[in-house]
Enquirer: 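Sharing a structure, written as structure tokens. Questions coming.
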Amino acid sequence: LGFLRQGLQDYWSYGVVGLLVVTSGLFAVALTRPCVVGRCERLTEAQVHYDQAQETLSFSPSATDLEAAQVALQQAIDRLAPIPAWSGAYDVAQVDLPRYRQDLRAVQAILQAQTTAARAAELSQNPPHTVERWVTIHQLWRQAIDRLESVPATSPAFNYAQKKRSEYRANHSVIGRRIVTEEEAEANFNTALQTGRLAQQRMETANSLAGWQLATKEWQAAIKDLSLIPRGTLIYEQARPSWSGSMAVPTCPITITTMAPLAPVAVPPVPEGLGLLQLPFMQRALLAGLFSGGLGGLLGSVAVLRQLSF
């Protein structure tokens, strides 16, 4: 029993010593955390970094300035984040940290918007492009605008974000109109092709002048649809060969001859008075009148006396 009692006392002693060691270690670690003992220099250092970022963002910052402000804000956050809850500076740090993080998110949003806008501008180079590519560019400008709209009014970069948003909105509108133009050009081109095919069919079956005139009208309508395609569109480059060659108005093979002018006919002078009896047709007319007059008088008398009716 004495041996057992001695062992328990030893284990108890070891436990107390171990507890003291662990407690001392934890206390030492707590004391070595930032801003636990003495003055907290981290608050001042964080404020210095934040002021640098504010000064950089106060004017129209370049991409380099935005990156420098991002680094300064991240450094300010890194100085305040490790301050433990048992530090006397913890409450002050918790007041500043949300503001620093909000400004950092605003700067990051602007940088992301500029990266997206640069991508959209790169895809816009060397037009014309397909409608699908213009739609992709349109969406990229919309994404850049959405990122800029996430910048709060309390951010020092708010005015700069609003300026860039206006520029991006203008580009977004231009691309939207370009999409409409390309779609209308494509519709006009398809209509011209359909009209051209119809004109080709009419031309192949035409066997009269009216049929060829109808085919000509169809070709003219197709060419009119092609003329509505504006320059600078992708369809315009495709429509140029059709416009200049394959969709030219055909020539009607039915030849219409022009009647040669008649040679002037010499008309003899018409005689006056009794000279008219010198004309052959007047002599024949006089003889026919005398014969029909005498015969009519004889037949008329017989018809009256005999009371005949016709």
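Values reported hereafter were calculated over all heavy atoms of this structure, with side chains retained and with hydrogens, waters and symmetry mates removed.
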Enquirer: Locate the shortest heavy-atom distance separating Ile83 from Ala89; write the atom from each residue and the value.
Expert: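 Shortest heavy-atom separation between Ile83 and Ala89 comes out as CG2-C, 4.2 Å.
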
Enquirer: Does Leu123 offer a backbone N or O that forms a donor-acceptor pair with the side chain of Arg133 under 3.5 Å?
Expert: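 Side chain of Arg133 to backbone of Leu123, a donor-acceptor pair under 3.5 Å: yes, one is there.
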
Enquirer: Less than 6.0 angstrom from the centroid, inside 45 degrees of the normal: does Arg79 satisfy that with respect to the ring of Tyr100?
Expert: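 No, Arg79 and Tyr100 do not form such a contact.
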
Enquirer: Rounded to the nearest 0.5 Å, what separates atom CD in Glu184 from atom CG in Leu228?
Expert: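 That separation rounds to 10.0 Å.
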
Enquirer: List in chain and number order the residues that pass salt bridge (charged side-chain N to carboxylate O under 4.0 Å, His left out) with Glu186, two or more places apart in sequence or in another chain; answer none if no residue qualifies.
Expert: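 Salt bridge (charged side-chain N to carboxylate O under 4.0 Å, His left out) check on Glu186 returns nothing, list empty.
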
Enquirer: Determine whether Glu149 and Ile145 make a side-chain contact, defined as any pair of heavy atoms from C-beta on separated by less than 4.5 Å.
Expert: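 Result yes, sub-4.5 Å side-chain heavy-atom pair found.
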
Enquirer: Any donor and acceptor pair, going by atom type alone, linking the side chain of Trp134 with main-chain N or O of His129 inside 3.5 Å?
Expert: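 Indeed, once roles are kept as given, a pair shorter than 3.5 Å links the two residues.
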
Enquirer: Please report the closest heavy-atom contact between Ala185 and Pro230, naming both atoms and the distance.
Expert: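 The pair with the smallest heavy-atom distance is CB-CD, 4.1 Å.
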
Enquirer: Are Leu193 and Leu198 joined in one hydrophobic group, where the rule is that I, L, V, M, F, W and Y side chains link up if heavy atoms are under 4.5 Å apart?
Expert: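 No, no single cluster joins them.
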
Enquirer: Between Gln220 and Thr216, does a side-chain contact (heavy atoms from CB on, under 4.5 Å) hold up when you go through it step by step?
Expert: CA-CA 6 Å; Gln220 291 174 347; Thr216 301; 3.8 Å; yes

Enquirer: Would you compute the distance between atom OG of Ser166 and atom CG of Leu148 and round it to the nearest 0.5 angstrom?
Expert: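 The distance works out to 9.5 Å.
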
Enquirer: Which atom names give the shortest non-hydrogen contact between Ala63 and Leu111, and what distance separates them?
Expert: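 In this case the closest contact between Ala63 and Leu111 is O-CD2, 4.3 Å.
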
Enquirer: For Glu55, does the CD atom sit with more than 12 other heavy atoms under 6.0 Å from it, leaving out its own atoms?
Expert: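 Count not over threshold, so no.
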
Enquirer: Is there a donor-acceptor pair under 3.5 Å between the side chain of Glu182 and the backbone N or O of Leu234?
Expert: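 It does hold such a pair.
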
Enquirer: His49 and side chain to side chain donor-acceptor pair (under 3.5 Å): which partner among Gln75, Gln74, Gln54?
Expert: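 Of all the options given, the one that passes is Gln75.
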
Enquirer: Going by the rule ring pair (Phe, Tyr, Trp, His ring centres under 6.0 Å), which residues pair with His138 if we only count those two or more places apart in sequence or in a different chain?
Expert: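 For His138 the ring pair (Phe, Tyr, Trp, His ring centres under 6.0 Å) partners, ignoring immediate neighbours, are His172.
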
Enquirer: For Arg142 and Asp146, what are the C-alpha separation, side-chain angles and deciding distance, and is it a salt bridge (Lys or Arg N to Asp or Glu O under 4.0 Å)?
Expert: CA-CA 6 Å; Arg142 181 70 259 176; Asp146 292 340; 3.1 Å; yes

Enquirer: On a heavy-atom basis, which atom in Pro128 and which in Gly232 lie closest, and how many Å separate them?
Expert: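 Of all heavy-atom pairs spanning Pro128 and Gly232, the closest is CB-O, 3.3 Å.
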
Enquirer: Just how far is it from atom CG of Leu104 to atom CD1 of Ile77, taken to the nearest 0.5 Å?
Expert: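 Here the rounded value is 4.5 Å.
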
Enquirer: Are side-chain N/O atoms of Tyr50 and Asp103 paired as donor and acceptor at under 3.5 Å?
Expert: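 Note: Tyr50 and Asp103 side chains meet the donor-acceptor criterion.
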
Enquirer: Sort and list the pairs that fulfil disulfide (SG to SG under 2.5 Å) and have at least one residue in residues 36-65, not counting sequence neighbours.
Expert: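 The answer is Cys35-Cys40.
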
Enquirer: List for me each residue that meets salt bridge (charged side-chain N to carboxylate O under 4.0 Å, His left out) alongside Arg147, sequence neighbours excluded, and say none if there are none.
Expert: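 So Arg147 forms no salt bridge (charged side-chain N to carboxylate O under 4.0 Å, His left out) with any residue.
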
Enquirer: Closest heavy-atom contact between Ala144 and Tyr168?
Expert: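 It is CB-CD1, 3.8 Å.
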
Enquirer: Group every Ile, Leu, Val, Met, Phe, Trp and Tyr by side-chain heavy-atom contacts under 4.5 Å, then state whether Val71 and Val107 land in the same group.
Expert: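 No; tracing contacts between hydrophobic side chains, which count when under 4.5 Å, never links both residues.
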
Enquirer: Please list all pairs meeting salt bridge (charged side-chain N to carboxylate O under 4.0 Å, His left out) that have one or both residues in residues 209-231, counting only residues at least two apart or in different chains.
Expert: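 Matches after skipping sequence neighbours: Arg202-Glu218.
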
Enquirer: Give a yes-or-no answer on whether the side chains of Asn190 and Gln194 include a donor-acceptor pair shorter than 3.5 Å.
Expert: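 No, no side-chain donor-acceptor contact under 3.5 Å.
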
Enquirer: Dump the intermediate steps for side-chain contact (heavy atoms from CB on, under 4.5 Å) on Trp219 and Gln200, then the final yes or no.
Expert: CA-CA 8 Å; Trp219 282 114; Gln200 184 69 27; 3.2 Å; yes

Enquirer: Working note: Leu57 + Leu66, criterion side-chain contact (heavy atoms from CB on, under 4.5 Å); need CA distance, chi angles, decisive distance, verdict.
Expert: CA-CA 7 Å; Leu57 298 174; Leu66 290 172; 3.6 Å; yes

Enquirer: Asp65 side chain to Ser62 main-chain N or O, any donor-acceptor pair under 3.5 Å?
Expert: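 The answer is yes, because a donor-acceptor pair under 3.5 Å joins these two groups.
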
Enquirer: Just verifying a value: how many Å separate Leu226 CG and Tyr236 OH, rounded to the nearest 0.5 Å?
Expert: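 Reported to 0.5 Å precision, the distance equals 10.5 Å.
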
Enquirer: Tell me, which pairs form a salt bridge (charged side-chain N to carboxylate O under 4.0 Å, His left out) where one or both residues lie in residues 152-164, sequence neighbours left out?
Expert: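 Sorted result for residues 152-164: Lys164-Glu167.
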
Enquirer: Locate the shortest heavy-atom distance separating Ile110 from Ala161; write the atom from each residue and the value.
Expert: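 Minimum heavy-atom contact is CD1-CB, 4.2 Å.
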
Enquirer: Which residue in the set Ile235, Thr233, Val131, Ile229 passes side chain to side chain contact (heavy atoms under 4.5 Å, CB included) when paired with Thr181?
Expert: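 Per the side chain to side chain contact (heavy atoms under 4.5 Å, CB included) rule, the option paired with Thr181 is Thr233, out of Ile235, Thr233, Val131, Ile229.
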
